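None of these values were measured; they are calculated from a predicted model. Residue numbers begin at 1 in each chain, while the letters A, B, ... track the order of the sequences.
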Number of protein chains: 2
Amino acid sequence: MVQASHDSVLDHLGRRIAGGELAPGTVLTLADLEAEYGVSRTVVREAVRVLEAKAMLSSKRRVGITVSPMSRWSMLDPELIRWRLSSSARARQIVALTELRLAVEPIAARLAALRASEDQRAEIGRLADELRRLGAERRGDSQEYLAADIAFHDVLLRAGGNLMLTAIQSPIAEVITGRHTAGLTPADPVHQALHNHVEAAAAIVRGDAEAAEHHVRGYVEAILDEVRSVPE
Amino acid sequence: MVQASHDSVLDHLGRRIAGGELAPGTVLTLADLEAEYGVSRTVVREAVRVLEAKAMLSSKRRVGITVSPMSRWSMLDPELIRWRLSSSARARQIVALTELRLAVEPIAARLAALRASEDQRAEIGRLADELRRLGAERRGDSQEYLAADIAFHDVLLRAGGNLMLTAIQSPIAEVITGRHTAGLTPADPVHQALHNHVEAAAAIVRGDAEAAEHHVRGYVEAILDEVRSVPE
DNA sequence: TTGCCATATAGATCACACCATTGGCAAGAA
DNA sequence: TTCTTGCCAATGGTGTGATCTATATGGCAA
């Protein structure tokens, strides 16, 4: 658990940088930040250290604290992804994240088909059934559908047994939720996408790596087409 | 720039956790760490904050600082990847990282074929030529080959224009270097792998996304087979 | 047995002091 | 004028003591 003061300074500063308000090259000083946030040096320093660890800032004696060029940032950092999702770069970040999903999810599905435990296979099958059922009942925009959708992707990524692939679960969940909250999920799910979910689940259950990879790629490609068509 | 004291404490503590010496559930206190490393609270606190940001530690009043379960860690964090590569989990980490490459590199190649700038296409072509030349001269184990190999993957990932995909460049470079340093790269490169590099480059140069993806997948699959055969 | 409360504990924050580094300026040399 | 040298002041880095705050825990009472 982290405290309010540190957390809020870190979060606010992180957002300002991620959102471009503090452009790369901008120089700050500890004294400035102390005064601005009205907190002690300790708090500011610790926040700066964390942002330094994400390669968003770099501090040098006699110079100050400089905002690093975006190309250096640890873009896979979940916190940074969240900040960018809540910034004006949101649309671009969603596309980038979906491209990452297009890379990761099919491979995770392949691994899941090979390595998932019995419990995980059962869980994936169950969740796919639920998605299908809710879809058939035209409840694709319900809370239950959202929960099942998130759980489905969560198990899928975890079942692959690769913690690095699992690591993008939380940003994915956030995007799915965001899409739902924005009212973009239709009550009547797109037939092909739902079909791919169900087929992917079936393939994982029976251990068919090729099919699992193929069907997952199918639905992520559909999502990618969709998010690319959203204007920035 | 970060200072010696902070850096070394962070690095050492990070390694101990990443390497499993400090198992999840282990409870530390600031006072312990202060005494152990012989530095002030400030330094320890900042190191702990950074590890907290990577979800490797969590601190709670009246309890202390607890090592978090591995499933929570930000496994895509470059620093954490480096720590794991230098721990006893090295072999497993290399396999996991190669599975990630299998996901990411083909997609990056596809995007590169679609989006690379003229300069980047030229650079990729040039690097592939150099790899082929050095390979033909049986200099696959030379420094030049290593440098060209790293540069090739670097441009490939960057040319896709997705900063999240680019972000795994440095761990990949580290693995390639590690493989080279360990003397695992033959003077006479495996023909098929080299061929796939050259074909992938040609495909990117001419903007053929399908072929680029296919050839990159080809060589990453070969690498994956290889690293999986290494005993832990 | 259950629930409340006092208390000790450990992190969170603050304020201050001093150190180490170094960018930039000024003086002097070429 | 241009370059070198050396000093100075600014700024982050580290250390320390004090105080605040949340909370795990044990003891007491109902």
Exercise. Choosing from C/dG11, D/dG12, C/dC14, which nucleotide comes nearest the side chain of B/R45?
Worked result: C/dG11
Exercise. Looking at five pairs on each end of the helix from C/dT1-D/dA30 to C/dA30-D/dT1, what is the angle between the two axes, given to 10 degrees?
Worked result: 10°
For this session: Identify, residue by residue, the members of residues 26-41 of chain A with a heavy atom below 4.0 Å from DNA chain C, and return them in order of residue number, or none.
Result: A/V39, A/S40, A/R41
For this session: Tell me, please, which residues at least two apart from B/R139 pass side-chain hydrogen bond (donor to acceptor under 3.5 Å, both in side chains).
Result: B/E137, B/E144
For this session: Kindly point out which of C/dG11, D/dG13, C/dC14 is positioned nearest to the side chain of A/T42?
Result: C/dC14
For this session: Could you note down all residue pairs passing ring-ring contact (aromatic ring centres under 6.0 Å, His included) where residues 14-51 of chain A supplies at least one of them, sequence neighbours left out?
Result: A/H12-A/Y37
Problem set entry | Under the side-chain contact (heavy atoms from CB on, under 4.5 Å) test, residues paired with A/S117 that sit two or more places apart | A/D119, A/Q120
Exercise. Heavy-atom distance under 4.5 Å between the side chains of B/R49 and B/E52, does that happen here?
Worked result: yes
For this session: Scan for salt bridge (Lys or Arg N to Asp or Glu O under 4.0 Å) pairs involving residues 167-178 of chain A, sequence neighbours excluded, and state none if there are none.
Result: A/R82-A/E174
Problem set entry | Selection residues 76-102 of chain A - residue pairs positive for ring-ring contact (aromatic ring centres under 6.0 Å, His included), sequence neighbours left out | none
Exercise. Can you list the residues that meet the side-chain hydrogen bond (donor to acceptor under 3.5 Å, both in side chains) rule with B/R41, with sequence neighbours excluded?
Worked result: none
Problem set entry | side-chain hydrogen bond (donor to acceptor under 3.5 Å, both in side chains) against A/S86, all qualifying residues, sequence neighbours excluded | A/R15
Would you list the atom pairs, donor with acceptor, under 3.5 Å between side chains in residues 147-164 of chain A and any protein atom, with sequence neighbours excluded?
from   : atom 1 : to     : atom 2 : distance (Å)
A/D149 : OD1    : A/H153 : ND1    : 3.3
A/H153 : ND1    : A/D149 : O      : 2.8
A/H153 : NE2    : A/R101 : NH2    : 3.4
A/H153 : NE2    : A/Y219 : OH     : 3.3
A/D154 : OD1    : A/R158 : NE     : 3.2
A/D154 : OD2    : A/R158 : NH2    : 2.8
A/N162 : OD1    : A/M164 : N      : 2.8
A/N162 : OD1    : A/L165 : N      : 3.4
A/N162 : ND2    : B/A96  : O      : 3.0
A/N162 : ND2    : B/E99  : OE1    : 2.8

Pairs under 3.5 Å (N/O, protein and nucleotides 23-27 of chain C):
from   : atom 1 : to    : atom 2 : distance (Å)
C/dG23 : OP1    : A/K60 : NZ     : 3.3
C/dG23 : N2     : A/R62 : NH1    : 3.3

Exercise. For B/A167, what residues pass the side-chain contact (heavy atoms from CB on, under 4.5 Å) criterion, not counting sequence neighbours?
Worked result: A/M75, A/L76
Problem set entry | Separation of atom CG in B/L57 from atom C1' in C/dA10, rounded to whole Å | 15 Å
